[in-house]
Amino acid sequence: MLKFALAGNPNCGKTTLFNALTGSTAHVGNWPGVTVDKREGTYKKLSAPVAIVDLPGIYSLSPYTPEEVISRNYILDEKPDCVINIVDATNLERNLYLTTQIMEIDVPMVVALNMIDVVKKSGDKLDAKKLEQKIGLPVVEISALREEGIARLMECAYAAAQAKRAGTTVLQGTALSHVIDDVKIALKGKGVENPLFHAVKLTEGDELEVVNHPDEMQMVEEFKKQFADDVFAGDFEAMVADARYKYISANFSTAVEHAKREQTLTKSDRADKVLTHRIWGIPIFLVVLFAIFHLTFGEDLLYLNALFGFAQDVATGNETLDAFVAVFYSSAGISTPGAIVFNLMGFVTDQIGGGIAAGLESAGAAPWAQGLVNEGIWAGLSGILSFIPQILVLFLFISILEDSGYMARVAFILDRAFRKFGLSGRAFIPMIMGFGCSVPAAINTRTLADEKERVMTNRVIPFFTCGAKAPILAAVCGAIASLYTGINADLLVFGLYVFGMAMAIVMVAFMRQTSMRGEVAPFIMELPAYHAPQFRNLMLHLWDKLKHYIKKAFTIILASSIVIWFLSNFSWSWKMVSVEESILYDIGAFVQWICTPMGFGVQLSSFGWVFVVAAVTGLIAKENVIATFYVLAPAIGALIPAWDDGESGIGAVVALMEATGITWQALLAFTVFNMLTVPCFAAAATVRAETPKGKFKYTVAFWILTSFVTASLVYVLLSWWWTAPIVAAVLALVVVFFVLRNRGKIKFSFKKKRGTQARE
Ligand code: GDP
């Protein structure tokens with residue numbers, strides 16, 4: 001099978017093209033650095049299927065970043081039949097810099113001029129034919145987003161793949177061409193493949209090449225002596241880069257004719273003036289985030305209803321009609337999109353659950369079988385299913401922010417605000433990705449060059465609440481809001497999300513002062529152009545999420561729920577018993593005391609363990625926390641008089657609060673504990689793989705300690721306000737201690753002194 005590789009700058013539209021070619025649903029984000037590893041798929045519309053390999057986005061083939069090395073080695077070693085170099089036509093000069101390097105490799109190659117729709121819209125004129133003649137490679141205009149020109153591109157690549165191509169360079173005729181030619185001949189004589197490419201890289205002093213070809217490097221060093229007095233003082237790397245840019249602007253860029261534009265700011269610039277404002281940038285981000293949480297987790301459109309007086313009772317007296325209307329409209333006014341989908345889903349799960357229960361009853365199933373199906377299987381499963389639509393609404397909003405280009409700005413403003421605390425904007429990109437799922441977010445940290453930064457980022461990614469933890473927040477906040485008037489569920493969820501982000505920033509700043517001291521890596525990111533999010537893209541992304549959730553619900557979560565049900569309904573002697581005699585009770589009661597500082601330990605007399613068990617099942621998958629609540633609610637809720645047998649959803653959490661006697665403060669502490677503690681196994685394993693060997697145990701200790709201490713503080717502070725000054729004083733002392741220690745004013749080390757032998 002023929003193999004085509006896609007190569008191009010970050011954010012040039014490579015993933016979009018890859019998806020269009022292969023029908024895959026890889027994540028497209030309007031910011032650089034989303035693809036960090038190569039990805040494979042198949043294009044089937046040519047006479048024979050072609051393998052498509054998507055390489056990470058790069059600006060150059062130098063050896064400085066993992067992406068560059070992956071891409072370069074792939075083209076050199078795997079020898080694709082054709083390289084499709086994607087070029088962002090709105091940014092021709094910069095993108096062609098990479099083109100001039102790939103050209104030097106002996107590989108068939110075509111240039112895909114992407115984003116041609118944007119060029120046309122701006123009124124600029126791009127002469128592809130002219131560029132093709134100048135560059136000496138086939139050039140095809142495409143719009144990956146609109147799927148235009150793609151078939152032609154593939155035919156062109158197919159034709160190019162039929163012949164061999166020898167590398168060419170734009171450095172011909174420059175002061176360096178002599179040495180490049182000499183080195184090339186020497187390398188060729190030794191039978192080295194791609195001699196031109198290696199010759200140029202050697203001339204640049206590329207660190208990977210120098211090691212492999214010491215003799216030829218000697219030739220370059222000799223030659224360098226003639227250049228001691230040159231403006232570049234013999235810095236051949238700079239000379240090569242300079243020569244490339246000069247050639248590009250003198251020869252290739254003439255293919256573009258820019259439309260006459262008045263010197264006014266573009267729309268994008270004007271938006272950026274506001275959205276990335278020095279002072280208002282972060283408050284605007286918080287308002288945007290709150291709007292999202294309000295629309296997702298709020299019950300009704302609070303502000304619109306108040307403003308336009310939508311809040312009215314609309315009871316018609318017809319029960320079915322009223323129930324239907326209640327999905328979209330309550331006495332408080334029009335419901336939020338999140339509430340509407342939640343209500344609809346609740347309606348569906350109630351029908352199914354009721355049907356199953358009635359079916360079992362009339363079939364005369366044994367009590368244990370009824371319990372197993374209704375409580376063990378259905379309660380946990382439906383609990384998770386009922387949240388899926390709402391979480392999808394949340395993802396829809398977040399995807400819109402990402403695809404529009406706004407999230408890239410958020411990384412930028414966060415970088416500006418928190419750089420002095422030791423955080424870089426590059427590290428914020430994986431953190432923000434953590435809102436979706438920690439696993440891809442942790443993989444994304446691969447591109448952080450600084451090891452300490454990578455470790456710190458991996459540790460705090462789980463603090464950015466992922467989609468699996470969202471149901472915990474939604475259910476807990478919903479339950480608290482329904483018990484206490486004056487508390488908004490959406491505001492509470494928003495507060496917890498922001499709290500998680502704040503904790504990430506605080507903990508990175510703390511590590512920067514203690515175990516991970518060092519300089520912040522520079523952050524250079526081009527802000528991508530704003531554009532309207534693509535409907536198809538959004539739907540693909542949501543579909544991917546939905547599949548993932550459903551799979552998880554019917555496998556891991558289902559299995560865990562069944563296990564929890566058995567353990568909570570059977571005794572050690574394997575007889576069906578009430579929950580207070582169950583296996584789970586015994587195990588839970590044994591460890592319950594540990595949670596006393598967080599408010600769900602000995603305070604809850606016999607039921608603190610419910611929360612311990614929920615947190616432990618959360619290690620398997622975070623959705624399990626809520627599924628466990630729902631499975632246990634019937635057994636425990638039965639102990640209170642107000643228990644309603646069919647209680648499900650948020651009502652089950654309310655019942656659990658009443659039956660166990662947990663306070664809202666402790667329940668919030670419990671939520672915070674789950675947000676900050678060891679993430680699910682999948683995420684933990686990924687973090688382990690992405691961080692240096694042998695250090696993972698410290699990361700686990702970090703998660704356990706941070707979550708335990710923070711949750712305890714949350715519980716204490718919320719329960720007893722007067723403790724605030726004491727806690728503040730202790731925290732201030734800790735901060736002062738470390739700051740002084742770093743300035744050398746205090747000498748104190750946690751490490752044991754090593755023996756002299758070890759030092760030798
Ligand atoms: P990658 O980083 O190179 O993989 O780039 P992506 O595929 O993630 O695309 C970056 C952004 O450019 C996304 O927001 C895409 O929707 C957008 N994009 C990609 N191709 C086109 C195109 O042909 N026209 C327009 N207008 N936008 C595009």
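Both ligands and their constituent atoms are indexed starting at 1 by order of listing.
Remark: ligand 1 and Cys12 share an N or O pair separated by less than 3.5 Å (distance only, no angle test). Checking only distances, Asp403 does come within under 3.5 Å of ligand 1, N or O to N or O. Among the atoms of Ala144, some N or O lies under 3.5 angstrom from an N or O of ligand 1. For the pair Ile116 and ligand 1, the shortest N or O to N or O distance does not fall below 3.5 Å.
Residues Thr445 and Arg454 bring no donor and acceptor atom of their side chains to less than 3.5 Å of each other.
Atoms of ligand 1 lying under 4.0 Å from any heavy atom of His531, numbered from 1 in the order shown and given with element: 13 (C), 14 (O), 15 (C), 16 (O), 17 (C). Proximity to Ser143 (heavy-atom distance under 4.0 Å) selects the following atoms of ligand 1: 22 (C), 23 (O), 24 (N). Counting the atoms of ligand 1 from 1 in the order shown, those under 4.0 Å from a heavy atom of Asp117 are 22 (C), 23 (O), 24 (N), 25 (C), 26 (N). Near Asn114, meaning under 4.0 Å from one of its heavy atoms, ligand 1 places the atoms 20 (N), 21 (C), 22 (C), 23 (O).
The aromatic rings of Phe297 and Phe293 lie parallel to each other, with less than 30° between the two planes, well short of the 60° mark.
Using a 4.5 Å heavy-atom threshold, the side chains of Leu6 and Leu21 count as touching. Side-chain contact between Leu396 and Ile400 is present, with heavy atoms from C-beta onward closer than 4.5 Å.
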Please lay out, stage by stage, how Phe428 and Phe412 fare under the test ring-ring contact (aromatic ring centres under 6.0 Å, His included). CA-CA 9 Å; Phe428 277 118; Phe412 170 74; over 10 Å; no
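Summarising the contacts of atom 18 (N) of ligand 1 with Lys14, Lys121, Met115, the nearest heavy atom is found in Met115. Among Leu145, Thr16, Asn11, the residue whose heavy atom sits closest to atom 22 (C) of ligand 1 is Leu145.
Contacts between Val118 and ligand 1, counted as non-hydrogen atom pairs separated by less than 4.0 Å, involve the side chain only.
Residue pairs meeting the ring-ring contact (aromatic ring centres under 6.0 Å, His included) criterion with at least one member in residues 72-103, sequence neighbours excluded, are Tyr97-Tyr245.
Note: Ile86 CD1 to Leu153 CG = 8.0 Å, rounded to the nearest 0.5 Å.
Residues passing the ring pair (Phe, Tyr, Trp, His ring centres under 6.0 Å) test with Phe494 are Phe290, sequence neighbours excluded.
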